[in-house]
Protein chains: 2
Amino acid sequence: MFTQSEENYLKAIFHLQEETNDGVSTSSLSELLNTKAASVTEMVKKLADKSLVDYRKYYGVQLTELGKNQALSVVRKHRLWESFLVERLNFKWDEVHEVAEQLEHIKSAKLVEELDKFLGRPHYDPHGDPIPDANGNLPKAAKKRLSQLKAGNRAVCKGFNDTSSSFLKYLDRQGIGMDTSIEVLQIESFDESMTIKVDEKEISLSKTATDHIYVED
Amino acid sequence: MFTQSEENYLKAIFHLQEETNDGVSTSSLSELLNTKAASVTEMVKKLADKSLVDYRKYYGVQLTELGKNQALSVVRKHRLWESFLVERLNFKWDEVHEVAEQLEHIKSAKLVEELDKFLGRPHYDPHGDPIPDANGNLPKAAKKRLSQLKAGNRAVCKGFNDTSSSFLKYLDRQGIGMDTSIEVLQIESFDESMTIKVDEKEISLSKTATDHIYVED
DNA sequence: TATTATTTTTAGCTTTGCCTAAAAACAATA
DNA sequence: TATTGTTTTTAGGCAAAGCTAAAAATAATA
Ligand SMILES: [Mn+2]
Ligand SMILES: [Mn+2]
Ligand SMILES: [Mn+2]
Ligand SMILES: [Mn+2]
């Protein structure tokens, strides 16, 4: 099928595409993948040759239907493995990402199907990210960012948009995890930092943090 | 650490070393790894530079202590993953080898330890091959080849020295698996083929087959 | 609009791991 | 021992995926 590197590019394009409407830029890809822009240009041309992306010089790339399906398959594997590691192998949620980055490239249709079955066909991974099904359908949850709430709102944490171990450990220390109930107490206008109540404790979160926390109210 | 390719070479040298006393030849490696002799020579020189093997031109290679430990670690992962696939994910024993060839290269000490714990620290994989422990110790079973038995002997199958799906499926059809009890009825002198009794049925096995079946009596 | 700054692409190199063909070393045999 | 045959190594190349430095295109600004 496709190389590990190609799969990583497709996944990166997929993630960046969720945030912008038009083409994904060379520089954003090179930043996310820790490579140089020149390397991205080269790879992107190869992906275009294989009909995985549409590419117009200087205008960025977009996944084709084929490329999107391929990306979804990798995302599916990544999130299933993360679920497996947390649910069955006693991993903490901040320990799984690096290993899942490796496991997501294992090629075996049967393995994915059996793993999914074994885990009880979960819809969300340990970070609250939706797991695409075998056909690439994503369970669409109407999530808001915590930063979009007003003082007085109550909500439940449903996702975290930062895979770094340091952010996830920080959340642990604050007592914030999946399905944690919170109440917004106050928002400072000068820096948009937020004071929230979690388990009877009041804590303060920066705008950067509240942007990375998804909630349902 | 080491590349996937380097790990495959170390594992191949390890396996070949179990059958010969002195150095592993370039040609045997190239055959096992499906590469050309020239490629083996090159890689072997790199492994020697990294102190993983001892190499003398024209005399073959042998693993150093470091190389052996590394090989054992890969073998351990391969066999633990095979056990996982069969014990937990409904794989048949002839379906696991290819996938384990991929999974054995995943790098995570915690993953190996937790997987081992999850499986109840098994000593043997689905093919009866011993699983090295975390320190590289192999449970040493004094196994014989079925071909070494005489007419009248009874024994129990404890291992199979051929990873090919076709051989394992053949055994399935004959009703032979791990811990199957057998009795040797007759050995033909002209081709060393053997008639054995399995579950009240008499079947005939070639010398090639009986060489690949390990038993305990 | 002309100039400057930024982004993207091109050109040319490097490393890894493989290949083929030719040379060298070792093994077998007349 | 001299010749022939086999195995191993060397030499020279190739594709993948990265890099730096320079050129080209686009964007920003005077
Ligand atoms: Mn992740
Ligand atoms: Mn995740
Ligand atoms: Mn195997
Ligand atoms: Mn096995």
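Chain letters run A, B, ... following the sequence lines, proteins first, then strands; residues in each count from 1.
- In this structure, B:His97 has its ring center at least 6.0 angstrom away from the ring center of B:His127.
- Distances shorter than 4.0 Å separate none of the side-chain N or O atoms of B:Thr35 from OP1 or OP2 on C:dG17.
- Note: A:Phe84 and B:Phe84 meet the aromatic proximity criterion, with ring centroids under 6.0 Å apart.
- Under 4.0 angstrom from either OP1 or OP2 of D:dT6 there lies no side-chain N or O belonging to B:Ser27.
- Between the NZ atom of A:Lys45 and the P atom of D:dA15 there is a distance of 16 Å, rounded to whole Å.
- Atom C1' of nucleotide C:dG17 and atom NZ of B:Lys50 are separated by 12 Å, given to the nearest angstrom.
- One can place CD of B:Glu31 at 11 Å from P of D:dT8, the figure rounded to the nearest angstrom.
- Look at NZ on B:Lys57: it is 16 Å from P on C:dA27, rounded to the nearest Å.
- Taking the ring centre of B:Phe14 as origin, the terminal cationic atom of B:Lys68 falls outside the region bounded by 6.0 Å and 45° from the ring axis.
- The shortest distance between the side-chain N/O atoms of A:Ser39 and the OP1/OP2 oxygens of D:dA17 is not below 4.0 Å.
- Both A:Tyr59 and B:Tyr59 lie near DNA chain D, and the one whose nearest nucleotide falls closer to the 5' end is B:Tyr59.
- In the set C:dA11, D:dT26, D:dT9, C:dA11 carries the atom at the smallest distance from any side-chain atom of A:Ala38.
- A:Thr41 comes within 4.0 angstrom of a base, heavy atoms only.
- Close to C:dT9, at under 4.0 Å from its OP1 or OP2, lies a side-chain N or O of A:Thr26.
- For the pair B:Arg88 and B:Phe118, the cation sits on the ring face: its NZ or CZ lies under 6.0 Å from the ring centre, inside 45° of the axis.
- Under 4.0 angstrom from either OP1 or OP2 of D:dG18 there lies at least one side-chain N or O belonging to A:Ser5.
- Considering only side-chain N and O atoms, A:Tyr58 lies nowhere under 4.0 angstrom from the phosphate OP1 or OP2 of C:dT6.
- Side chains of A:Asp54 and A:Val61 form no contact here, defined as non-hydrogen atoms less than 4.5 Å apart.
- For A:Glu6 and D:dG18, the CD to P distance is 10 Å, given to the nearest whole Å.
- Residue B:Tyr9 places at least one side-chain N or O closer than 4.0 Å to OP1 or OP2 of C:dC18.
- Here the C1' atom of nucleotide C:dT7 and the NZ atom of A:Lys36 are 14 Å apart, to the nearest Å.
- Atom NZ in B:Lys46 sits about 6 Å away from atom C1' in C:dG17, given to the nearest Å.
- Using a 4.0 Å cut-off, no side-chain N or O of B:Thr3 falls inside it from OP1 or OP2 of C:dT16.
- Straight-line distance from the CD atom of B:Glu42 to the C1' atom of D:dG13: 11 Å, rounded to whole Å.
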